[in-house]
Amino acid sequence: MKYFIGNWKMFGIPKSINILNRINSFYSKDKNKNKYKVVITPPYTLIETYSRHFRNKKINIGSQNCYQLDQYSSNTAAVSSYMLKSVGAKYTLVGHSDNRNEGDTDIILNNKVKFALKNNLKVVFCIGENKIQKNNKKTFSVLTRQLTKVLEKKFNKNNIVVAYEPIWAIGTGKIPTFKELSKTIEHIKKVLKKIFKSKSPEVLYGGSVDGSNIGMFREIKQIDGFLIGGASKSSKKFIDIIKNYYR
Ligand code: 13P
């Protein structure tokens with residue numbers, strides 16, 4: 001099963017649901033629909049209405065983040081996995097580089113994953129190196145650290161998906177080469193296999209994915225899906241990615 005996950009970031013108001021309606025009508029007629037899942041992570045403000053609207057449909061609604069504590073706390077503006085689950089979220093991203101930049105440490109991320117799983121959300125755990133780390137050939141060691149410091153063997157790996165998003169590729173139009181990416185995905189799966197002492201969870205790629213470069217990514221069979229930012233804000237661009245993937 002492949003994943004096409006659209007991360008809207010700070011985008012969307014109630015009527016933006018039209019974008020998802022168009023994706024949903026494409027999906028329901030697509031002959032390849034049994035081969036993939038669609039997940040969209042709108043901002044917090046839209047999770048409840050969108051989840052309700054798509055309750056019996058194949059579009060899954062998720063959150064872009066969750067708080068590091070279970071249920072309730074006195075932290076202003078914090079939203080827990082418990083609260084997200086209660087309004088219909090099925091997934092949550094954890095560890096997006098935007099949130100790491102705002103202070104998410106490995107310890108915080110470990111708690112976020114733990115409480116998201118406890119509250120029955122599927123976790124899309126994001127990792128990725130920055131440009132300096134890449135230039136200094138530190139990609140593998142950075143990714144190994146990000147994975148081993150946060151994920152634990154006792155976590156239910158069936159509810160975890162890892163998304164590799166090199167920071168230098170996010171929103172820049174730059175993407176890794178076929179060779180770089182194949183090797184990196186292989187490395188991530190090797191580390192995950194070690195952590196869980198069994199088959200690796202699915203590993204996705206994210207960073208400047210669009211309808212014109214998806215063909216290259218398709219050739220890397222170990223990639224289990226995509227985390228899509230900019231192109232997920234347009235139904236046409238998002239659908240083009242799926243169409244071109246199964247072309
Ligand atoms: P872009 O697809 O806009 O590069 O964003 C990727 C991303 O950060 C998704 O989480």
Side-chain angles (χ1 to χ4, degrees), residues 2-12 16 19-20 23 36-44 46-47 50 59-66 84 89-104 109 112-113 116 121-131 133-134 139 142-143 146-147 150 160-177 180-181 184-185 188 201-218 220 223-245:
K2 302 284 178 190
Y3 286 85
F4 292 89
I5 305 183
N7 176 14
W8 276 10
K9 309 188 183 180
M10 197 174 90
F11 168 82
S16 316
I19 299 169
L20 300 191
I23 295 172
Y36 65 91
K37 273 191 183 142
V38 172
V39 181
I40 301 289
T41 63
Y44 286 136
L46 300 173
I47 291 174
Y50 285 17
I59 289 196
N60 299 283
I61 301 299
S63 176
Q64 297 171 18
N65 199 359
C66 60
L84 292 165
K90 293 191 183 136
Y91 288 77
T92 184
L93 307 184
V94 172
H96 193 282
S97 57
D98 290 339
N99 305 123
R100 289 178 188 262
N101 279 340
E102 286 161 1
D104 272 7
L109 295 173
K112 288 187 176 192
V113 175
L121 293 175
K122 286 192 184 256
V123 170
V124 181
F125 180 56
C126 307
I127 56 172
E129 83 286 3
N130 65 28
K131 179 116 196 105
Q133 291 162 335
K134 174 180 161 55
T139 300
V142 168
L143 299 177
Q146 289 176 336
L147 291 167
V150 174
I160 298 174
V161 175
V162 169
Y164 169 56
E165 297 205 297
I167 297 170
W168 51 269
I170 296 176
T172 58
K174 295 194 172 78
I175 55 170
T177 63
E180 270 172 351
L181 189 53
T184 308
I185 299 285
I188 293 168
E202 281 112 335
V203 178
L204 320 182
Y205 169 78
S208 295
V209 173
D210 63 28
S212 62
N213 59 27
I214 191 74
M216 185 281 271
F217 294 121
R218 182 187 50 213
I220 305 175
I223 298 181
D224 301 302
F226 302 92
L227 182 51
I228 300 154
S232 70
K233 295 183 275 186
S234 142
S235 53
K236 182 178 178 320
K237 287 184 183 167
F238 192 75
I239 291 167
D240 273 353
I241 292 173
I242 299 174
K243 276 188 184 160
N244 290 346
Y245 187 84

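Starting from 1, each residue takes its place in the sequence as its number. Both counts, for ligands and for their atoms, begin at 1 and track the order of listing. Please read these numbers as outputs of a predicted model, since none were measured by experiment.
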| task | Report yes or no: does G206 have a heavy atom closer than 4.0 Å to ligand 1? | result | no

| field | Min heavy-atom dist A231 to ligand 1 below 4.0 Å | value | no

Would [X] count as a polar contact of ligand 1, with the cut-off being nitrogen or oxygen pairs under 3.5 Å?
{"X": "N7", "value": "yes"}
{"X": "G229", "value": "yes"}
{"X": "G171", "value": "yes"}

| field | Proximal ligand 1 atoms for L227, defined as those under 4.0 Å from one of its heavy atoms | value | 9 (C), 10 (O)

| request: Can you sort out which atoms of ligand 1 are near G230, meaning under 4.0 Å from one of its heavy atoms? | output: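 So the atoms of ligand 1 that pass are 1 (P), 2 (O), 3 (O).
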
| field | W168 six-ring face occupied by K134 cation (under 6.0 Å, within 45°) | value |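 Yes; both conditions hold, so K134 lies above the ring face of W168.
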
| said: How far is atom 5 (O) of ligand 1 from the closest protein heavy atom, and which atom is that? | reply: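 Atom 5 (O) of ligand 1 sits closest to the protein heavy atom K9 NZ, 3.3 Å.
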
| task | Identify, for atom 9 (C) of ligand 1, the protein heavy atom at the shortest distance, and state residue, atom and that distance. | result | E165 OE2, 2.9 Å

| task | Write down the atom of K2, the atom of I223, and the distance for their closest heavy-atom approach. | result |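 For K2 and I223, the tightest heavy-atom pair comes out as NZ-O, 2.9 Å.
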
| said: Restricting to non-hydrogen atoms, name the atom on L204 and the atom on I185 that form the minimum distance, rounded to 0.1 Å. | reply: O-CD1, 4.5 Å

| request: Flag the pair N7 / Q64 as yes when at least one side-chain heavy-atom distance between them is below 4.5 Å, and no otherwise. | output: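 Yes, their side chains come closer than 4.5 Å.
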
| field | Heavy-atom nearest option to atom 1 (P) of ligand 1, drawn from G6, A169, S208, A163 | value |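 The option holding the nearest heavy atom is S208.
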
| task | Would you please say whether a donor-acceptor pair under 3.5 Å links the side chains of N65 and K112? | result |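 Yes.
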
| Just checking, is any N or O donor in the side chain of E129 or Y164 under 3.5 Å from an acceptor N or O on the other one? |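 E129 vs Y164: donor-acceptor pair found between side chains.
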
| query | Can you tell me if S208 uses its side chain to pair, donor with acceptor, with the backbone of A169 under 3.5 Å? | reply |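 Yes, the answer is positive, given that a donor and an acceptor are paired below the 3.5 Å cut-off.
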
